[in-house]
Amino acid sequence: MAVATVMLLLPTVINLAIPDRGGDYRQLSVDAFGVDWRIPVTTADGAEVRCEVSTDDFVSRTWICTEGTTITTQFVEGVRDAENTLRRMIRANSGFAPGSDARVAHSADGRAHMLSEQPSDYPGAPLVALSMDGAGDEEGTTAIAVISGDAAQYYASAIWASMAQARGLPYDADLPLEIGADGQDPGQWHLPQVPGQGRMGFRGNEDV
């Protein structure tokens with residue numbers, strides 16, 4: 001009887017660890033419908049980070065990732081104030097307006113930007129917005145990713161590092177701001193391994 005019970009429960013346990021492969025899973029990237037510029041997201045060892053495409057329209061693309069984390073990617077033209085743009089993107093995608101104490105940081109080269117907010121009354125917390133200013137053919141266009149959910153640390157780190165690579169810099173997953181309750185680093189994410197995705201969790205630039 002005990003063996004039979006374990007066998008009956010096994011499919012449920014497996015389904016919790018491995019997302020349904022019936023969806024539109026593809027490599028996560030900062031992109032949008034009809035835009036040629038694309039920033040593919042990888043781990044430190046070059047493995048693809050994969051999520052399911054939820055919605056895809058002329059304005060943005062929404063991804064559903066591990067741990068119920070949602071990522072919206074889009075492009076904005078003519079950005080003059082990176083911080084104000086990140087605030088507007090968070091408000092547009094979550095309905096939550098970041099407070100005046102929301103933390104903002106910029107990359108050393110001034111082309112990448114991050115805003116992090118940990119609202120206690122928002123169910124999708126933490127909220128993170130990342131952006132990268134284009135150059136060359138993409139001059140005047142800004143790539144943006146808004147991330148919300150329990151695995152925001154993992155995905156924000158991977159996107160930030162992939163944005164650095166897209167600018168010709170080394171892969172560096174150390175975010176300029178910490179993500180977590182009260183500004184504390186939540187530590188190492190132990191995310192499930194999904195077939196075809198490689199390792200799913202890291203902290204900083206260390207794979208686990």
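Index from 1, following the sequence.
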Quick check against the 3.5 Å criterion: does [X] have a side-chain atom that pairs as donor or acceptor with the backbone of [Y]?
X: Tyr155; Y: Gly149; result: no
X: Thr73; Y: Val30; result: no
X: Arg87; Y: Gly99; result: yes
X: Tyr171; Y: Thr42; result: yes

**salt bridge (charged side-chain N to carboxylate O under 4.0 Å, His left out) pairs, two or more places apart, involving residues 90-100** =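 Salt bridge (charged side-chain N to carboxylate O under 4.0 Å, His left out) check on residues 90-100 returns no pairs.
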**salt bridge (charged side-chain N to carboxylate O under 4.0 Å, His left out): pairs with one or both residues in residues 68-82, sequence neighbours excluded** =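 Found none.
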For [X] and [Y], which heavy atoms make the closest approach, and how far apart are they?
X: Ala145; Y: Ile71; value: CB-CG2, 4.4 Å
X: Pro40; Y: Gln27; value: CB-NE2, 3.6 Å
X: Ala32; Y: Phe75; value: N-CE1, 3.6 Å

List the atom pairs, donor and acceptor, that lie under 3.5 Å between side-chain atoms in residues 129-140 and the rest of the protein, sequence neighbours left out.
residue, atom, partner, partner atom, Å
Asp133, OD1, Thr142, OG1, 3.2
Asp133, OD2, His113, NE2, 3.0

If Ile, Leu, Val, Met, Phe, Trp and Tyr residues are connected whenever their side-chain heavy atoms lie under 4.5 Å apart, and connections chain through other members, are [X] and [Y] in the same group?
X: Val104; Y: Val76; value: yes
X: Ile144; Y: Ile64; value: no
X: Val53; Y: Trp37; value: yes

**Prompt:** Residues two or more places apart in sequence or in another chain: which of them pass salt bridge (Lys or Arg N to Asp or Glu O under 4.0 Å) with Asp31?
**Reply:**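 For Asp31, the residues satisfying salt bridge (Lys or Arg N to Asp or Glu O under 4.0 Å) (neighbours in sequence not counted) are Arg38, Arg61.
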**Message:** Once salt bridge (Lys or Arg N to Asp or Glu O under 4.0 Å) is applied, do any residues pair with Arg26, and if so which ones, sequence neighbours excluded?
**Reply:**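 Asp24.
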**Prompt:** Just checking, any donor-acceptor pair under 3.5 angstrom between side chains of Gln74 and Asn93?
**Reply:**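 A pair is found: one side chain offers a donor N or O, the other an acceptor, under 3.5 Å apart.
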Look up atom [atom1] in [X] and atom [atom2] in [Y], then write down how far apart they are to the nearest 0.5 Å.
X: Met114; Y: His106; atom1: CE; atom2: NE2; result: 12.0 Å
X: Gln165; Y: Ile39; atom1: CD; atom2: CD1; result: 11.5 Å
X: Trp160; Y: Asp174; atom1: CH2; atom2: CG; result: 11.5 Å
X: Ile147; Y: Ser94; atom1: CD1; atom2: OG; result: 12.5 Å
X: Glu52; Y: Thr66; atom1: CD; atom2: OG1; result: 11.0 Å
X: Ile179; Y: Tyr154; atom1: CD1; atom2: OH; result: 13.5 Å

What residues, two or more places apart in sequence or in another chain, satisfy side chain to side chain donor-acceptor pair (under 3.5 Å) together with [X]?
X: Ser162; answer: none
X: Thr69; answer: none
X: Glu117; answer: none
X: Ser54; answer: none

**Results of side chain to side chain contact (heavy atoms under 4.5 Å, CB included) for Leu169 - residues two or more places apart only** =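 In terms of side chain to side chain contact (heavy atoms under 4.5 Å, CB included), with neighbours along the sequence ignored, Leu169 is linked to Asp109, Ala164, Arg167.
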**Contacts of type side chain to side chain contact (heavy atoms under 4.5 Å, CB included), residue Ala92, not counting sequence neighbours** =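 For Ala92, no residue satisfies side chain to side chain contact (heavy atoms under 4.5 Å, CB included) once neighbours in sequence are set aside.
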**Request:** Test side-chain contact (heavy atoms from CB on, under 4.5 Å) on Val49 and Thr43 and set out the steps.
**Result:** CA-CA 7 Å; Val49 175; Thr43 63; 3.9 Å; yes
**disulfide bond (SG atoms under 2.5 Å apart): pairs with one or both residues in residues 65-106, sequence neighbours excluded** =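 Output for this query lists Cys51-Cys65.
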**Item:** Steps toward side-chain contact (heavy atoms from CB on, under 4.5 Å) verdict (Trp63, Thr70)
**Value:** CA-CA 6 Å; Trp63 308 76; Thr70 300; over 6 Å; no
